[in-house]
Participant: 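First the structure, then my questions, so here it is.
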Amino acid sequence: MQFETENLEDYEIKKAVWDIIKKFDTIIIHRHVRPDPDAIGSQCGLKEMIKATFPEKTVLVEGASVDDLEYLDTMDYVEKDLYDDALVIVTDTANIKRIDGENYRMAKQWIKIDHHPLDDSYGEVEWINTEASSCSEMVADLWLTFPDEITMTSKAARLLYGGIVGDTNRFLYDGTSPYTMKVAGELMTFDFSYTDLNDKMNEIEPTTSKMMGYALEHFELSKDGIGHIILTQEILKTLGVEDSDTHPVVPFLGKIAGVKVWAVFVEQPEGTYRCRLRSKGPVINIIASNHGGGGHPLASGAHAKDMKEIEAILNELKANV
Ligand code: AMP
């Protein structure tokens, strides 16, 4: 099935992306550090699509492996020399410093495919669609734009569906559009168990459930609807969890009535804090970029060097509601 392309400029960018992919024999796909299901889904889903369409091409995925996302896919080991004649595609990554892997700089050409607001400009072709729910939706959209040329497989469909589910929190977030549902519906016609995948994505470790209990108990909510929790290294150690286990707590805290904007601060081993910022209305990505981060208007990330900077972030969020 082919959907009508409404935006000609968007169509032309997609055509440019696909034309460049056709030209290269070696394609290496990167994504952002600390990947989430959308980063892995868009990266590995794109790899599977290209490989299925052009079995003779070398298509590899690069980046640190992440144990708790191995149910989606695993990374390749990419020899440095391969970059000399390669095309690099970076998915889901707004800024250069967040690209996972170093060697992308040595490639012949770069393409950026992203759904975040423009941060760093990079790549000969930049395909940015902030209307897309996820980068995985964009990759699936590439297939739906050229369905006679691009081969979709069950493995690619599973990866892209997983990426969309991850970034929309199962089609709940406002980035979910009628087109998102159409794309997801098309992917669901392939042979993979979306029930098993949804169950896996929804699963949390028993230690994480204890951490969520702690977070719910200690979540502070101000009169004006600003919620926050600080998870120190000491707390993480006591609960037997690591930073990478803390992400399920973020959407969960947003369920509490009265919360307009919320922040989860996780202390890193060196003493700084990773900040996850979420909002049900007020735009927060400008505040995130004031603190070394960025992201979407309603879902962003940043860094705080100490408690003083955490206070500053909370004050900025307060002034913004
Ligand atoms: P997270 O809170 O890590 O789930 O990220 C929420 C959104 O903000 C995602 O779209 C991330 O790509 C983006 N984001 C998180 N941390 C940063 C950062 N340090 N710089 C730029 N964007 C970020």
Side-chain angles (χ1 to χ4, degrees), residues 30-43 63-64 66 68-69 90-100 112-122 128-139 162-170 172-176 180 201 204 208 211-212 215 227-231 242-254 259 261-268 270 272-280 282-305 309-310 313 316-317:
H30 288 243
R31 39 76 190 160
H32 62 78
V33 292
R34 288 175 159 163
D36 51 18
D38 185 35
I40 301 281
S42 57
Q43 177 190 32
V66 185
D68 63 355
L69 291 178
V90 183
T91 66
D92 200 35
T93 313
N95 38 17
I96 293 176
K97 71 172 194 287
R98 295 194 83 225
I99 300 175
D100 199 351
K112 175 188 191 181
I113 303 180
D114 191 25
H115 72 124
H116 296 94
L118 179 64
D119 200 335
D120 288 339
S121 222
Y122 64 85
I128 296 170
N129 180 3
T130 54
E131 304 281 300
S133 66
S134 51
C135 199
S136 299
E137 179 182 318
M138 293 177 70
V139 173
I164 295 171
V165 165
D167 252 31
T168 59
N169 191 17
R170 275 201 196 192
L172 284 179
Y173 291 155
D174 79 322
T176 311
T180 312
M201 293 181 78
I204 54 169
T208 306
M211 189 263 309
M212 286 169 84
H228 81 277
I229 176 86
I230 301 173
L231 298 169
E242 293 179 7
D243 178 25
S244 57
D245 302 313
T246 59
H247 63 93
V249 86
V250 182
F252 205 67
L253 293 172
V259 174
V261 171
W262 69 109
V264 175
F265 300 100
V266 182
E267 189 181 8
Q268 303 299 298
E270 74 280 5
T272 63
Y273 294 82
R274 173 186 186 172
C275 317
R276 290 197 181 93
L277 308 176
R278 298 290 185 272
S279 168
K280 291 184 185 166
V283 169
I284 48 165
N285 55 350
I286 297 156
I287 296 172
S289 61
N290 292 342
H291 298 275
H296 302 280
L298 305 184
S300 305
H303 297 288
K305 59 178 181 307
E309 192 165 0
I310 289 182
I313 292 172
E316 285 170 48
L317 293 174

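Values in this document were obtained by computation on a predicted structure and should not be read as measured data. Indexing begins at 1, ligand by ligand and atom by atom, following the structure's order.
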Participant: For atom 16 (N) of ligand 1, what is the nearest protein heavy atom, given as residue, atom name and distance?
Facilitator: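 Ranked first by proximity to atom 16 (N) of ligand 1 is Gly301 CA, 3.3 Å.
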Participant: Identify the heavy atoms of His303 and Glu309 that sit nearest to each other, and give their distance.
Facilitator: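 Result for this residue pair: O-OE2, 3.5 Å.
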Participant: Look at the side chain of Asn285 and the backbone N and O of Ala288, then say whether any donor-acceptor pair between them is shorter than 3.5 Å.
Facilitator: no
Participant: Cys275 to ligand 1: N or O pair under 3.5 Å?
Facilitator: no
Participant: Below 4.0 angstrom from a heavy atom of Arg278, which ligand 1 atoms are there? Numbered from 1 as shown, please.
Facilitator: 1 (P), 2 (O), 4 (O), 6 (C)
Participant: Heavy-atom contact under 4.0 Å between Ala299 and ligand 1?
Facilitator: yes
Participant: Between Arg276 and Thr246, does the side-chain hydrogen bond (donor to acceptor under 3.5 Å, both in side chains) criterion hold? Intermediate values first, please.
Facilitator: CA-CA 10 Å; Arg276 290 197 181 93; Thr246 59; 3.1 Å; yes
Participant: Under a 4.0 angstrom heavy-atom cut-off, which atoms of ligand 1 come close to Gly295?
Facilitator: 8 (O), 13 (C), 22 (N)
Participant: Going by the angle between their ring planes, with limits at 30° and 60°, are His32 and His116 parallel, tilted or perpendicular?
Facilitator: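 If you compare the ring of His32 with that of His116, the planes turn out perpendicular.
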Participant: With a 4.5 Å cut-off on side-chain heavy atoms, are Ile284 and Leu317 touching?
Facilitator: yes
Participant: Salt bridge (charged side-chain N to carboxylate O under 4.0 Å, His left out), that's the test. Do Arg34 and Asp243 meet it? Break it down for me.
Facilitator: CA-CA 10 Å; Arg34 288 175 159 163; Asp243 178 25; 3.1 Å; yes
Participant: Can you check whether Ser121's main-chain N or O pairs, donor with acceptor, with Lys112's side chain at less than 3.5 Å?
Facilitator: no
Participant: If we set the cut-off at 4.0 Å for heavy atoms, which region of Asn95 has an atom near ligand 1: side chain, backbone, both, or neither?
Facilitator: side chain
Participant: Does Lys97 reach ligand 1, in the sense of a heavy atom lying below 4.0 Å from it?
Facilitator: no
Participant: Can you list the atoms of ligand 1 that are under 4.0 Å from a heavy atom of His296?
Facilitator: 10 (O)
Participant: Report the part of His303 (side chain from C-beta onward, or backbone N, CA, C, O) that has a heavy atom under 4.0 Å from ligand 1; answer both or neither where that applies.
Facilitator: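 The answer is the side chain.
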Participant: Between Gly294, Gly292, Pro117, flag the one that comes closest to atom 14 (N) of ligand 1 by a heavy atom.
Facilitator: Gly294
Participant: Any nitrogen or oxygen of Arg98, side chain or backbone, less than 3.5 Å from one on ligand 1?
Facilitator: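 Indeed, backbone or side chain, Arg98 has an N or O that close.
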Participant: Using heavy-atom distances only, which candidate in Arg274, His247, His116, His115 approaches atom 12 (O) of ligand 1 most closely?
Facilitator: His116
Participant: Among Asp100, Asp38, Asp114, which residue satisfies the salt bridge (Lys or Arg N to Asp or Glu O under 4.0 Å) criterion with Arg31?
Facilitator: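 Only one of Asp100, Asp38, Asp114 forms a salt bridge (Lys or Arg N to Asp or Glu O under 4.0 Å) with Arg31, namely Asp100.
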